[in-house]
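Here the structure is laid out as structure tokens; the discussion comes afterwards.
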Amino acid sequence: MAAYLIADVDDLRRFTAQNGIDLHELAVALRGGAGFVAGLYDTTSLKAVAVADWRSQLRDENMPLEPEAIFRSAGYQVIDVRDRSCLPECLLQDVFHLDSIPIEELILATTGADLLPLIDRVNVTDNARIRVWGDDESAVRAAGVSRDVIFQPLVGLHGIKGKNVWVYIDFENISISLNEQGFVVNLDHLIERLVSQAQAHGKLVKMSAYAPWGHRGALPPLVDSSGREVADDAPARLMMANIDPVFHLPGKQSADIRIARDVLTDAGHPEAGDVIILATGDRDFNDVINPLLQRNRTVVVWGVRGSTGRLLQSHPSLQLEYIDDFTDLQTHQSLSTVETEAHTDSFVPSQWSSVIIQFFRLNAAQPEKTITVKELIDQLIKVGDVISAERGDDLVSQAISLGILQQQSALGVIELNHQHPVVDKTLLIVNRMVRRVANTLLSRNWEYVNYGFLLKGLSMERDLDRPGMNDSDQWRSHWIDCLVRERVLQRDLVPHRHNPDDLVPVIRLPAISEQPLAQSAAEQSGADEFSSQEWQGLPPHALYETDAEVARMVTRIVVSVQQFTSFRNFAWCPLGSLHRRLREFDSGVVFQHAVEYLLVNNMVTVNEYPNPRSEFNTKGIELDETYPFVAVILAERDEFIRVLLEMYRANVTISQANIEQRLKGQWDIPLWISIMKIENVLNALPGRADQFSLFRTHHTVKLVANDDVGEVAEAKG
């Protein structure tokens, strides 16, 4: 009986390194297993061949023999092949051409695909069994061999047991130690290197990271590869890498107790890891390490140079590996070179937001006073952004390295770098959000703003429409929550107006005495609000001299509401739908100011109306068409439409230039063309710049034309 075992040693060496398997044990187990499945009573009749580029196979420190000597001693014929692309040809020439007997049992031990073409090229019997022992069956399918193949995983074969690796990371200790040694804790890079290093010891089965997740200020700043602070995302990023984020309360003793308990409990399990990795520099873990060694576990300690206890360094039975050796973390000094805003991801709150907001808060309280590092750290501790002066110093020092803060003197005086993109965006968001709340409270005389109403209002803030900003309610919620945490805004729960038993979230401004940022915003809002009183009695055309943008929006609102109510025979128009229709023309609070102008001049009524499509009332706007100011705007609209009708009847091309020739007086013709397009009275002609067609059967056009559309159409026919 012809039976062959071909061992691809170059691939198998990588497999043994990843799974913690001794190479000599593998060689013996493969040969013994091959003889067993082939049904041979004597393995000497098995032709075992080990193929590799032997000159590149270097001896490991813990290996007494070179790989070639290991396989020779295990009874293998060794074949030297330097070019892996010719593996099948070399074996056919050096091994199989010498044997004219068809093969009955062929076993390929390989984790790659280079050897697989041999299957279709060797001489086998009709009933031959062909086996592949590897780690990925898909590689066999992808090779496209025509003969039937029996695949078996290497781990699980008789005599081959991989080493399971269980990892316990004291993340709080490690991240603080790395930070203290001057490294920037790049979370994504750190996760990738920790997983890779664990896999080098065997099969990674369990990996847990212990820290006070979600407890603000307990960890040093964690950034991603673009320099963006991602502490809040840390648990999610760990889980995506199959690392279990385990929560413990802040404090060294809490972490030690939790990790020690879990390690010792897991070690008593029958399937506990063969290799236990403890990522910590804490000497208190000696009480955990010794019981593990007594149970014949291999214990590896990951530490940080300069922060690892001497007892761990001198322990004779430990494998000590330094995280700073197998990672490539940047230093704080190089952090300023990171392009922080090069990414296009959503600009969400971070620990840098806390630094910026609290610095600005201190500065707003005493504009003439310089601010020191110590004062900023004290403020961060006061509002709960960090839990200690050490963590505050970490945060501020990295903000300085990043360029968010600038040192002004050796006495610790610092300033906010308003040119930094993170500072610029953060202050813009804070300003617009607080002013939106203050404007709403003042203009409507409310005690609070409904959370959902605020989200809708913020979606109208055109100043926030930048890449990565104001793109969803989730983004707006993140920032509202941030301002609540930073005590810039205040969130409460109040009874729902339709169901008092149900509580809904609302937003208020904190007491002015406690919040200089709110005071500043309220003062600005008060400055904005004066216009609504000064606008009282001001005709629409005179409003152009005060605020042309608001005047244009007033015209749009009057025309749009009148068309909606007359066409649908309805008394009011939904205010939310109206704003969505006109949003592209609303920069900031223009729509809000236009509604205030209409209200203060009694041109409209804003109220809650019964909605036939909903069980709840809907906020709507009702137009008083008899009011003189409203009549002026509608008369202007009608005159504009009459000019369009004249051009239509005379077959004159409708364009801005031709309209200007027919209209006399002070007209904002681009505004009226825009209104007619929005209201679907005019439609742009495809491929013709600045030329339009008139929707002659439009409801408003028919009203202005006294409904003579039939006669005109007949005459034109």
Side-chain angles (χ1 to χ4, degrees), residues 1-82 84 87-88 90-91 94-96 99 103 105-116 118-119 122 129-136 139-140 150-164 199-203 274-275 298:
M1 175 182 181
Y4 281 86
L5 166 66
I6 310 297
D8 185 353
V9 179
D10 287 325
D11 272 339
L12 293 177
R13 294 267 340 248
R14 287 188 284 271
F15 171 78
T16 57
Q18 292 175 355
N19 292 274
I21 299 173
D22 181 76
L23 188 63
H24 183 267
E25 292 180 1
L26 178 67
V28 173
L30 286 176
R31 193 162 183 269
F36 176 77
V37 298
L40 301 176
Y41 293 102
D42 184 3
T43 57
T44 57
S45 59
L46 173 71
K47 298 177 182 179
V49 179
V51 58
D53 181 3
W54 297 109
R55 295 191 179 186
S56 67
Q57 297 284 345
L58 301 178
R59 183 192 302 176
D60 292 340
E61 294 181 0
N62 299 323
M63 189 180 296
L65 297 174
E66 293 183 355
E68 183 178 359
I70 288 174
F71 279 88
R72 284 187 184 277
S73 65
Y76 288 77
Q77 175 189 352
V78 296
I79 302 295
D80 188 21
V81 178
R82 299 182 185 179
R84 291 188 59 82
L87 270 178
C90 293
L91 289 169
D94 297 341
V95 177
F96 293 100
D99 194 344
I103 298 171
E105 189 83 33
L106 175 63
I107 302 172
L108 304 182
T110 179
T111 62
D114 295 335
L115 197 58
L116 299 182
L118 184 67
I119 294 173
V122 295
R129 289 177 299 188
I130 302 173
R131 304 175 188 271
V132 173
W133 291 349
D135 63 350
D136 187 2
V140 179
I150 303 170
F151 176 83
Q152 291 177 275
L154 278 167
V155 175
L157 292 175
H158 181 70
I160 303 177
K161 180 181 180 299
K163 293 184 178 180
N164 291 333
Q199 291 173 337
H201 289 277
K203 182 180 179 181
D274 304 291
V275 179
T298 299

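Any value given below was found using the heavy atoms of this structure, including those in side chains, with hydrogens, waters and symmetry copies removed.
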Could you pull out the closest heavy-atom pair between [X] and [Y], with the gap in Å?
| X | Y | result |
| --- | --- | --- |
| R13 | L23 | CD-CD2, 3.5 Å |
| A3 | L40 | CB-CD1, 4.2 Å |
| A7 | L12 | CB-CD1, 4.0 Å |
| V9 | A50 | CG2-CB, 3.8 Å |
| G35 | L46 | N-CD2, 4.0 Å |

Sorted by chain and number, sequence neighbours left out, side chain to side chain contact (heavy atoms under 4.5 Å, CB included) with R14 holds for D11
Residues at least two apart in sequence or cross-chain that pass side chain to side chain contact (heavy atoms under 4.5 Å, CB included) with A48, listed by chain then number, are L5, R31, Y76
Margin query: Evaluate W54 against V81 for side chain to side chain contact (heavy atoms under 4.5 Å, CB included), listing each step before the verdict.
Written below: CA-CA 8 Å; W54 297 109; V81 178; over 6 Å; no
TODO: Any chance you could lay out the side chain to side chain contact (heavy atoms under 4.5 Å, CB included) test for H24 and L26, step after step, and finish with the verdict?
DONE: CA-CA 5 Å; H24 183 267; L26 178 67; over 6 Å; no
Any side-chain heavy-atom pair of L87 and D8 under 4.5 Å
yes
Open item on the list: With a 4.5 Å cut-off on side-chain heavy atoms, are I107 and V37 touching?
Closed with: yes
Check against side chain to side chain contact (heavy atoms under 4.5 Å, CB included), Y4 and F96
CA-CA 10 Å; Y4 281 86; F96 293 100; 3.7 Å; yes
Can you tell me how far the [atom1] atom of [X] sits from the [atom2] atom of [Y], to the nearest 0.5 Å?
| X | Y | atom1 | atom2 | result |
| --- | --- | --- | --- | --- |
| L108 | L118 | CG | CG | 6.0 Å |
| F151 | I130 | CZ | CD1 | 15.0 Å |
| L91 | L115 | CG | CG | 6.0 Å |
| L30 | L154 | CG | CG | 6.5 Å |
| I6 | Q77 | CD1 | CD | 8.5 Å |
| L106 | I150 | CG | CD1 | 11.0 Å |

So, R84 and D53, do they make that salt bridge, N to O below 4.0 Å?
no
R72 meets the salt bridge (Lys or Arg N to Asp or Glu O under 4.0 Å) criterion, sequence neighbours left out, with E68
- Query: With distance as the sole test, does N164 use its side chain to make a donor-acceptor pair with the main-chain N or O of D274 at under 3.5 Å?
  - Reply: no
Applying side chain to side chain donor-acceptor pair (under 3.5 Å) to D135 and not counting sequence neighbours gives none
